[in-house]
Trainee: 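Next up is a structure, given as structure tokens.
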Amino acid sequence: MNKTRYSAWSLFREGLRGQRGWTPAWRDRDPDPAYDVVIIGGGGHGLATAYYLAKQHGISRVAVIEKGWVGGGNTGRNTTIIRSNYFHPPSAALYDLSVSLYEGLSRELNYNIMFSQRGLIEIAHTDAELESMARAANAMRINGIPIELIDREQVLRLAPLLDPSPQSRWPVRGALQQRRAGTARHDAVAWGYARAADALGVHIIQDCEVTGFQISDGRLRAITTTRGTIRAERFGMAVAGNSSALARLAGFELPIQSYTLQAMVSEPVKPCLDLVVLSSANGTYVSQSDKGELVLGGNLDRCPSYAQRGSFGVTQSVIAPLLAMFPAFASLKLMRQWGGVVDTAPDNSPIIGPSPLPGLFLNCGWGTGGFKAIPAGGTLFAHVLATGAHHPLSGPFDLSRFASGELIDEGHAGVVH
Ligand code: FAD
Ligand code: PYC
């Protein structure tokens, strides 16, 4: 752990000296020929897994192999919503563990991830939606997730810029509220795990693409990369957006489709929205960043694609309902729009556990919602890689559920799909 403390004077001096006295947060390594565990993918899940392998299991001959730069995938492209209002008991347990771990993460990593538990509301626009939300809220409470159903007046007090008119295209009828939900700084989550993992001896190797798998006697022994061959006892794959492409290279198919998910931000404005607002009926959501930008997004671009942008039609289908709900936002300029490629499983739940190729383990299929799951995903995947067996919470997410039919359908709780 980096114990350096900076005084106001040392910060000022570094500013004057062009920051020459600051050391990098983690070391850029050349790959060793062999490790105990190699993790492919330097996003939040890969880095968190490496950190927990070293911290909780004492395994520090670990490398994280990243084809670009740390956090340059979806971990650095998402809209940072953290919540645990999922329906089925295995998902509730996983996502709520993640919220709890997020609550202590800045302290755990000694790195401010700016977790802001500003709360979240998912709006009901019709009586039928409110009725179905009441049922969902009861199920979530039975799963131990504190969720409240609030009425129209409470919603309008929480988000006064919402159009209160019953004639609105998207009238407000009530909402599901999770007070513990919120947002965090996405880059900081990646950087915090990277720094803490590096301090525990993990090798973080950037600009190194995995291009092949070397299999002998039916087991994965080594990977081929753009920087040489690397052997390991066990390999983990956390390559959101590229999972099925890499699986095919390893000789098996995954039940995953890759789609672009886009998001956008407005120009920064003074604080006007101090919670996250989602609408599953029209698939859009909005929050305000600490910088003041409104962060907007919506459903997937449903044309399978590896392009990290998104189509204009979907951009419009995000903006139109949001402007109907928040007419005041119509005067804002849109500053940036981008996309990320997400891997979705048929039941909108992740896949964690062994792959069909002995020696290779999977952490994938988080779809539109894996940022909130990074601390729990890392904890569970580290357990799987360290022991070769499931963590009590990861068993239901095994790939075998697609053969047994024991699906965990979170289509609705995913909100954005
Ligand atoms: P990534 O961060 O994508 O990391 C995977 C890494 O693998 C990448 O860095 C990539 O370069 C690397 N890689 C790929 N192939 C190779 C290879 N061959 N060799 C070496 N490295 C390789 N989730 C939420 O919970 N809340 C949200 O609000 C939210 N909003 C989103 C908004 C958008 C626009 C997008 C795109 C996603 C959103 N998500 C959200 C989903 C979330 O971002 C992802 O589920 C999560 O970041 C996945 O993390 P990861 O570590 O698995 O993947
Ligand atoms: O998982 O909450 C979520 C989410 C919101 C937007 C994209 N993903």
Side-chain angles (χ1 to χ4, degrees), residues 38-49 63-86 95 98-99 102 120 122 178 181-184 186-187 189-190 193 205-213 223-227 236-243 245-246 249-250 258-265 276-278 280 283-287 295-301 306 308-310 318 337-344 348 350 352 362-374 377-378 381 410 413-417:
V38 163
I39 296 160
I40 311 169
H45 281 274
L47 293 163
T49 303
V64 177
I65 309 292
E66 167 54 49
K67 74 173 174 182
W69 62 95
V70 155
N74 289 336
T75 299
R77 292 171 175 269
N78 68 77
T79 45
T80 79
I81 298 171
I82 294 167
R83 58 188 177 84
S84 61
N85 53 326
Y86 281 70
Y95 291 106
S98 216
V99 173
Y102 263 121
L120 165 153
E122 189 186 333
Q178 184 174 27
T183 58
H186 48 8
D187 303 311
V189 173
Y193 273 120
I205 301 158
Q206 302 178 92
D207 199 14
C208 181
E209 181 170 0
V210 174
T211 51
F213 294 89
I223 50 173
T224 313
T225 79
T226 47
R227 292 171 68 180
M237 196 168 98
V239 291
N242 291 269
S243 311
L246 272 187
L249 213 53
S258 303
Y259 297 103
T260 302
L261 181 65
Q262 57 173 292
M264 51 211 96
V265 290
V276 179
V277 178
L278 298 115
S280 49
T284 65
Y285 60 92
V286 57
S287 67
V295 183
L296 330 170
N299 285 328
L300 293 167
D301 277 52
Y306 286 105
Q308 297 195 105
R309 30 178 203 273
V318 171
Q337 178 269 8
W338 68 94
V341 182
V342 300
D343 282 346
T344 60
N348 288 287
I352 307 170
L362 304 169
N363 168 330
C364 63
W366 294 100
T368 62
F371 175 70
K372 65 173 81 62
I374 285 172
F381 201 38
E410 290 293 355
V415 179
V416 175
H417 36 73

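Just follow the structure's listing: the first ligand is 1, and inside any ligand the first atom is 1. Numbers here are sequence positions counted from 1.
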Trainee: Using modelled atom types only, decide if a donor and an acceptor are shared between the side chain of R77 and the backbone of A263 within a distance under 3.5 Å.
Mentor: no
Trainee: Under 4.5 Å between any side-chain heavy atoms of Y193 and V64, yes or no?
Mentor: no
Trainee: Between T79 and F371, is any pair of side-chain heavy atoms under 4.5 Å apart?
Mentor: no
Trainee: At a 4.0 Å threshold, what atoms of ligand 1 neighbour a non-hydrogen atom of G340?
Mentor: 36 (C)
Trainee: Does an N or O from T75, backbone or side chain, lie closer than 3.5 Å to an N or O of ligand 1?
Mentor: yes
Trainee: With respect to atom 5 (C) of ligand 1, which of G367, A238, G297 exhibits the smallest heavy-atom separation?
Mentor: A238
Trainee: Would you say W338 has any N or O atom under 3.5 Å from an N or O of ligand 1, going by distance alone?
Mentor: no
Trainee: Check each of T49, N74, V210, I205 against atom 3 (O) of ligand 1 and report the one with the nearest heavy atom.
Mentor: N74
Trainee: Can you find an N/O atom of K372 closer than 3.5 Å to an N/O atom of ligand 1?
Mentor: yes
Trainee: What is the closest protein heavy atom to atom 3 (C) of ligand 2, and at what distance does it sit?
Mentor: K372 NZ, 3.3 Å
Trainee: Just which atoms of ligand 1 are under 4.0 Å from any heavy atom in T80?
Mentor: 27 (C), 28 (O)
Trainee: For ligand 2, which is the ligand I care about here, please tell me if Y86 has any N or O atom under 3.5 Å from one of the ligand's N or O atoms.
Mentor: no
Trainee: Distance under 4.0 Å to a non-hydrogen atom of A263: what atoms of ligand 1 satisfy this?
Mentor: 34 (C)
Trainee: Nearest heavy atom to atom 29 (C) of ligand 1 wins, so pick from T368, I374, I81.
Mentor: T368
Trainee: Quick check: do Y95 and N85 have side-chain heavy atoms less than 4.5 Å from each other?
Mentor: no
Trainee: Main chain of S84, side chain of Q178: is a donor-acceptor contact present, judged purely on distance under 3.5 Å?
Mentor: yes
Trainee: What do we get for T211 next to ligand 1 when only non-hydrogen atoms under 4.0 Å count, side chain, backbone, both or neither?
Mentor: neither
Trainee: Under 4.0 Å from a heavy atom of N242: which atoms of ligand 1 are those, numbered in the order shown and with their elements?
Mentor: 14 (C), 15 (N)
Trainee: Any nitrogen or oxygen of V342, side chain or backbone, less than 3.5 Å from one on ligand 1?
Mentor: no
Trainee: At the 4.0 Å heavy-atom cut-off, does A245 count as touching ligand 1?
Mentor: no
Trainee: Tell me the contacting part of A240 for ligand 1: side chain, backbone, both, or neither, using a 4.0 Å heavy-atom threshold, strictly below.
Mentor: both
Trainee: Evaluating non-hydrogen atoms only, which member of T368, L296, I81 is closest to atom 8 (N) of ligand 2?
Mentor: T368
Trainee: Would you kindly specify which portion of I65 sits under 4.0 Å from ligand 1, judged on non-hydrogen atoms: side chain, backbone, both or neither?
Mentor: backbone
Trainee: Relative to the heavy atoms of C208, which atoms of ligand 1 are at a distance of less than 4.0 Å?
Mentor: 20 (C)
Trainee: Quick one: does Q262 get an N or O within less than 3.5 Å of an N or O on ligand 1?
Mentor: no
Trainee: With a heavy-atom distance limit of 4.0 Å, tell me whether F371 approaches ligand 2 through its side chain, its backbone, both, or neither.
Mentor: neither
Trainee: Does a side-chain heavy-atom distance below 4.5 Å link V276 with R83?
Mentor: no
Trainee: Is a side-chain donor or acceptor of Q206 paired with a backbone partner of V70 at a separation under 3.5 angstrom?
Mentor: yes
Trainee: Are any of the N/O atoms on G369, whether in the backbone or the side chain, positioned under 3.5 angstrom from an N/O atom of ligand 1?
Mentor: yes
Trainee: Is there a donor-acceptor contact under 3.5 Å from the side chain of T75 to the main chain of G44?
Mentor: yes
Trainee: So which heavy atom in the protein is nearest atom 42 (C) of ligand 1, and how far is it from that ligand atom?
Mentor: F371 N, 3.5 Å
Trainee: Just to check, does G44 reach to within less than 4.0 Å of ligand 1 when the distance is taken from its heavy atoms?
Mentor: yes
Trainee: Determine yes or no for a side-chain-to-main-chain donor-acceptor pair under 3.5 angstrom, with S98 supplying the side chain and K372 the backbone.
Mentor: yes
Trainee: For Y285, counting its heavy atoms only, list the atoms of ligand 2 lying under 4.0 Å from any of them.
Mentor: 6 (C), 7 (C)
Trainee: Does only the side chain of C364 get under 4.0 Å from ligand 1, or the backbone, or both, or neither? Count heavy atoms.
Mentor: neither
Trainee: Under 3.5 Å, side chain of D343 to main-chain N/O of G241, donor-acceptor pair present?
Mentor: yes
Trainee: Minimum distance, heavy atoms only, to atom 12 (C) of ligand 1: which one of R77, H186, E66 is it?
Mentor: E66
Trainee: Tell me whether T344 contacts the main-chain N or O of G367 through its side chain, where contact means a donor paired with an acceptor under 3.5 Å.
Mentor: no
Trainee: How about T368 and Y259: do any of their side-chain heavy atoms sit closer than 4.5 Å?
Mentor: no
Trainee: Pull out every atom of ligand 1 sitting under 4.0 Å from any heavy atom of G41, numbered as shown with elements.
Mentor: 6 (C), 7 (O), 12 (C)
Trainee: Got T284 and L296 here, is their nearest side-chain heavy-atom distance under 4.5 Å?
Mentor: no
Trainee: Main chain of G370, side chain of H45: is a donor-acceptor contact present, judged purely on distance under 3.5 Å?
Mentor: yes
Trainee: Going by the closest heavy atom to atom 38 (C) of ligand 1, which one wins out of T226, N78, V341?
Mentor: N78
Trainee: What residue and heavy atom of the protein are closest to atom 45 (O) of ligand 1, and at what distance?
Mentor: G370 N, 2.9 Å
Trainee: Going by the atom numbers of ligand 1, which of them fall below 4.0 Å from some non-hydrogen atom of W366?
Mentor: 45 (O)
Trainee: What part of T79 sits under 4.0 Å from ligand 1 if we count only heavy atoms: the side chain, the backbone, both or neither?
Mentor: both
Trainee: Please report the shortest heavy-atom distance between L261 and G298, naming the atom on each side.
Mentor: CD1-O, 3.3 Å
Trainee: Any atoms of ligand 2 less than 4.0 Å from a non-hydrogen atom of G369? List them with their elements.
Mentor: 1 (O)
Trainee: How far is atom 50 (P) of ligand 1 from its nearest protein heavy atom, and which residue and atom name does that atom have?
Mentor: H45 CD2, 3.7 Å
Trainee: Any idea which part of T79 is under 4.0 Å from ligand 2, heavy-atom wise: side chain, backbone, both or neither?
Mentor: side chain
Trainee: If you measure every N or O of K67 against every N or O of ligand 1, does any of those distances drop under 3.5 Å?
Mentor: yes
Trainee: So is V239 polar-close to ligand 1, meaning N/O to N/O under 3.5 Å?
Mentor: no
